[in-house]
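Both counts, for ligands and for their atoms, begin at 1 and track the order of listing. A quick note: this is a predicted structure, and the numbers were derived from the prediction, not measured.
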Amino acid sequence: MRDAVTKLIRNYDVTGRYLDRDAMDKLKTYFESGTARITAAAVINANSPVIVKKAGSQLFEEVPELIRPGGNAYTTRRYSACLRDMDYYLRYASYALVAGDTNVLDERVLQGLRETYNSLGVPIGPTVRGIQIMKEMVKELVFEAGVSDTSFVDEPFDHMTRELSEVSV
Ligand SMILES: CCC1=C(C)/C(=C/C2=NC(=C\c3[nH]c(/C=C4\NC(=O)[C@H](C)[C@H]4CC)c(C)c3CCC(=O)O)/C(CCC(=O)O)=C2C)NC1=O
C-alpha cells in the first residue's frame, strides 16, 4: 500500500536523487491539504451509515428495476450485498483521501472486482452511479464542515468509477 509521501520517496530513490524543488512542491501541496483530508475522513466516519442508506435509496429510485424481480439487487440478501459494497467503496475512499493516493483502492478494492461482478451479473453502470451519488453527498458534507474547496474529494470516487467503467466496455 502506498501514500503520497511513500510514492514520492520511492520515485526519487529509484534514481538515487535528493528531493528537489519539484518534490518539495508536491510535498507542500499534500501537507497543506492535510487538514481538509482529515476533515473529509472524519465527516465520512461520522455519517457513513446515513450516506450509504441515502445513496442506496437514491440509486434504487433512479434505477428501480435493480430491486424488482430479476434485478441484481432483488431479494434481501442481494439488496444487503449491494449496500455492503457501497459501504466498502465509501470506507476505502476515506482511506485513499487520507493517503492522498489511489493505490489502496487498486490493491484492496478493484483487483479482481470486474471478474466477480461479471460472473455474478452485477451491473457496472448502476454501481458507478452509486459511487458518484456518494461522492456528491460527501462533498456536500465536507463543504458544510467548513472546507471551501472540496475538489480533492473527487479523486478516489472518480478513480473507482474510471477503473470499473473502463473494464466493462
Ligand atoms: C473490499 C473489497 C470488496 C468488494 C468491492 C467486494 C465486492 C463484492 N460484491 C459481491 C456481490 C454483490 N454485489 C452486489 C452489488 C450490486 N448489485 C446491484 O444491482 C447494484 C448495482 C450493486 C450495489 C450498488 C450484489 C447484489 C452482490 C451479490 C450478487 C449475488 O450473490 O448474486 C461479491 C461476491 C461475494 C459476496 O457476495 O460477498 C464481492 C466480492 N468484496 C470485497 O471484499
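Contact between S48 and D87 at its shortest, heavy atoms only, is CB-OD1, 4.5 Å. The heavy-atom pair separating G100 from Y30 by the smallest distance is CA-CE1, 3.9 Å.
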Going by atom type alone, with no hydrogens or angles, which donor-acceptor pairs under 3.5 Å involve a side-chain atom of residues 37-47 and a protein atom two or more places apart or on another chain?
{"residue": "R37", "atom": "NE", "partner": "S33", "partner atom": "OG", "Å": "2.9"}
{"residue": "R37", "atom": "NH1", "partner": "L97", "partner atom": "O", "Å": "2.9"}
{"residue": "T39", "atom": "OG1", "partner": "T35", "partner atom": "O", "Å": "2.9"}
{"residue": "N47", "atom": "ND2", "partner": "V43", "partner atom": "O", "Å": "2.7"}

Check ligand 1 against the protein and report each N/O to N/O distance under 3.5 Å, formatted as atom name, atom name, distance.
{"residue": "ligand 1", "atom": "9 (N)", "partner": "R84", "partner atom": "NH2", "Å": "3.2"}
{"residue": "ligand 1", "atom": "9 (N)", "partner": "D85", "partner atom": "OD1", "Å": "3.1"}
{"residue": "ligand 1", "atom": "9 (N)", "partner": "D85", "partner atom": "OD2", "Å": "2.7"}
{"residue": "ligand 1", "atom": "13 (N)", "partner": "D85", "partner atom": "OD2", "Å": "2.7"}
{"residue": "ligand 1", "atom": "17 (N)", "partner": "N72", "partner atom": "OD1", "Å": "2.8"}
{"residue": "ligand 1", "atom": "19 (O)", "partner": "N72", "partner atom": "OD1", "Å": "3.4"}
{"residue": "ligand 1", "atom": "31 (O)", "partner": "R77", "partner atom": "NH1", "Å": "3.1"}
{"residue": "ligand 1", "atom": "31 (O)", "partner": "R77", "partner atom": "NH2", "Å": "3.2"}
{"residue": "ligand 1", "atom": "38 (O)", "partner": "R84", "partner atom": "NH1", "Å": "2.7"}
{"residue": "ligand 1", "atom": "38 (O)", "partner": "R84", "partner atom": "NH2", "Å": "3.3"}

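Between V5 and F31, some side-chain heavy-atom pair lies under the 4.5 Å cut-off.
We find that D22 and K26 are joined by a salt bridge, their nearest charged nitrogen and carboxylate oxygen being less than 4.0 Å apart.
Remark: side-chain polar atoms of N72 are paired, donor with acceptor, to backbone N or O of G121 under 3.5 angstrom.
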